[in-house]
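What follows is a short report on a single structure.
Every chain is numbered from 1, with letters handed out A, B, ... down the list of sequences.
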Amino acid sequence: MSPRLPDLLMGLTISLTAPAPPEAGGDYAAGRVGLVAMLLVLASQEAERGPAARIWENAAIAEVLGDVTPPPESSWSALDARNAELRRALIALHISAEERGDEGLQRRILALYEAMAHARRLELPGGG
Amino acid sequence: MSLATGLAAYLTRVRGKPTTVENLARISGGASRETYRFDAVSGSERLGLILRRDPRGSLIDTDRRVEFLAIASFEDKDVAAPRALWLEEAGAELDRPFFIMSRVDGGEAAGPFTPDAYGAHAEAIGQRFFSIMGQIAREPVAGLPLAAAAAHPAPADCWRRELDHWTGVIDADETHPQPIVRAAIRRLRRDPPPPPARVSVVHGDLRSGNFLHDGAGRILAVLDWEMAHLGDPLEDLAWAMDPLWSRPGDPRVSGMVTPGEALDIWRAASGLEIDPEALAWWRLFASVKGQAIWTSAAKAWSDGGMTEPVLAFSGWFTARAQDQILSRRLAELGPL
């Protein structure tokens, strides 16, 4: 979940433009640039899938919770703020289901966790 | 004062002879410390050394004294530990705490996410890797330098100590609710593992990517001892077996050997039996510990001015991958 994409892009810009001491050149600097390039590839995935993943996850959790609050505007920050509220409520619901021994609800929540993690996946180029 | 100048001044003082520093270069790896390679030159004598200095922001908040003593505990054992040379907890001429150890040349560390990182030598590397892990577990704790600095948990308390620690890290560093890892923590607390037969040294981060190999099947140096502690030896085994260190579709542990082979090698080297129930607990724990580390990485990246891309990678890509592993495991285990 963290870092958020807008922050990440800002951070990568800082990484590339911040002055480095002489001992941090050579292979180390090349490795850093390679890592930044890798993160930009992942950032492109997040830009493509991130909003839809958040909108889907928020709706899926709200459904499990029976929450009928209208979805917020679709900015990253509004989606993430709503997601934090819903995730907190989901944790509480899961604890309650465990304490009550409600196996059906637990299975539903565990399946939701898998789907949430899958929706937010990032894939390294080359399958690494 | 530049780093090279400070280092030369320090070495001149502690070695009692004029020492210059050449070929100083930062190297990748060891995200919890700044790591540099350099040569210390005194007349015709040239020493290849590694400096590990505390950063201003760190992936893992660890005690460099513990790391130094862990290396010192195994430098004369057959586990490919470097030699621990100097420790300065107050920073001395370098402003921040650091230690210096011997450098092992001629090796490479595989990237933990590199597909088939060991090629045709994977089996030989795996044999040696899990043997080293077993030998660390086999080593009696009493009398080791690490024993003077590390907490000594009772066997029955090993799991709780570690779970409390890493849960505390998540509590402190989490910036967004994480229902998946929280569910795993509750499961671990509700169903603790049987205690180990004895308490051992746990390296804490023994996995693919944290050792140097020669490209021909030999392990030259085991690195990154900063999370070393005393505990249940299955913790190291479970950590190395986490699916995070294996590429999708590769059934081998850390791209080396099959899980069954890994357990057999470890069992033979450690002289210890493996309780399947205990190993299952520590394997789920390994993913919780991983998520705690990645959670810290995200916070360290943010707090440190967003300048270290390795922290962003850990706190983002690796955290997402760990959530996938955790959620699959939780679904397999089913309701509490």
Ionic contact status for Arg320(B) with Glu46(A), cut-off 4.0 Å: yes
Glu98(A) and Arg187(B) ion-paired at < 4.0 Å: no
Considering only heavy atoms and a distance below 4.5 Å, find which of [options] pairs most often with chain B.
| options | result |
| --- | --- |
| Ala29(A), Ala43(A), Gly104(A) | Ala43(A) |
| Ile14(A), Leu86(A), Leu35(A) | Leu35(A) |
| Ala18(A), Gly26(A), Ala84(A), Gly31(A) | Ala84(A) |
| Asp27(A), Ile95(A), Thr13(A), Leu12(A) | Ile95(A) |

Stepwise side-chain contact (heavy atoms from CB on, under 4.5 Å) check, Asp7(A) with Trp301(B): CA-CA 10 Å; Asp7(A) 296 335; Trp301(B) 177 78; 4.1 Å; yes
Donor-acceptor pair, side chain of Thr307(B) and main chain of Ser15(A), under 3.5 angstrom: no
Any donor-acceptor N/O pair, Arg26(B) side chain to Tyr28(A) backbone, under 3.5 Å: no
Working for side-chain contact (heavy atoms from CB on, under 4.5 Å), residues Glu308(B) and Arg32(A): CA-CA 8 Å; Glu308(B) 286 297 336; Arg32(A) 248 171 96 89; 3.3 Å; yes
[X] to [Y] - nearest heavy-atom pair and separation:
| X | Y | result |
| --- | --- | --- |
| Pro3(A) | Ala312(B) | CD-O, 4.2 Å |
| Pro335(B) | Arg107(A) | CD-NH1, 3.3 Å |
| Gln324(B) | Ala117(A) | CG-O, 3.5 Å |
| Pro177(B) | Ile91(A) | CB-CD1, 4.3 Å |

Options Arg182(B), Arg186(B), Gln322(B), ranked by heavy-atom pairs under 4.5 Å with chain A, top entry: Arg186(B)
Toward chain A, the part of [X] with a non-hydrogen atom under 4.5 Å:
| X | value |
| --- | --- |
| Tyr36(B) | side chain |
| Thr175(B) | side chain |
| Ala25(B) | both |

Using a 6.0 Å cut-off, check whether atom [atom1] of [X] has over 12 heavy atoms from anything other than its own residue.
| X | atom1 | result |
| --- | --- | --- |
| Glu63(A) | CD | no |
| Asp214(B) | CG | yes |
| Glu332(B) | CD | yes |

What is the distance from atom [atom1] of [X] to atom [atom2] of [Y], rounded to the nearest 0.5 Å?
| X | Y | atom1 | atom2 | answer |
| --- | --- | --- | --- | --- |
| His94(A) | Leu336(B) | NE2 | CG | 6.5 Å |
| Gln178(B) | Met116(A) | CD | CE | 10.5 Å |
| Ile109(A) | Ile180(B) | CD1 | CD1 | 12.0 Å |
| Gln106(A) | Leu330(B) | CD | CG | 11.0 Å |
| Phe317(B) | Glu123(A) | CZ | CD | 9.0 Å |
| Phe313(B) | Leu122(A) | CZ | CG | 9.0 Å |

Side-chain heavy atoms of Pro179(B) within contact of Arg88(A), under 4.5 Å: no
side-chain contact (heavy atoms from CB on, under 4.5 Å) between His176(B) and Asn83(A), intermediate numbers included: CA-CA 9 Å; His176(B) 194 82; Asn83(A) 185 254; 2.7 Å; yes
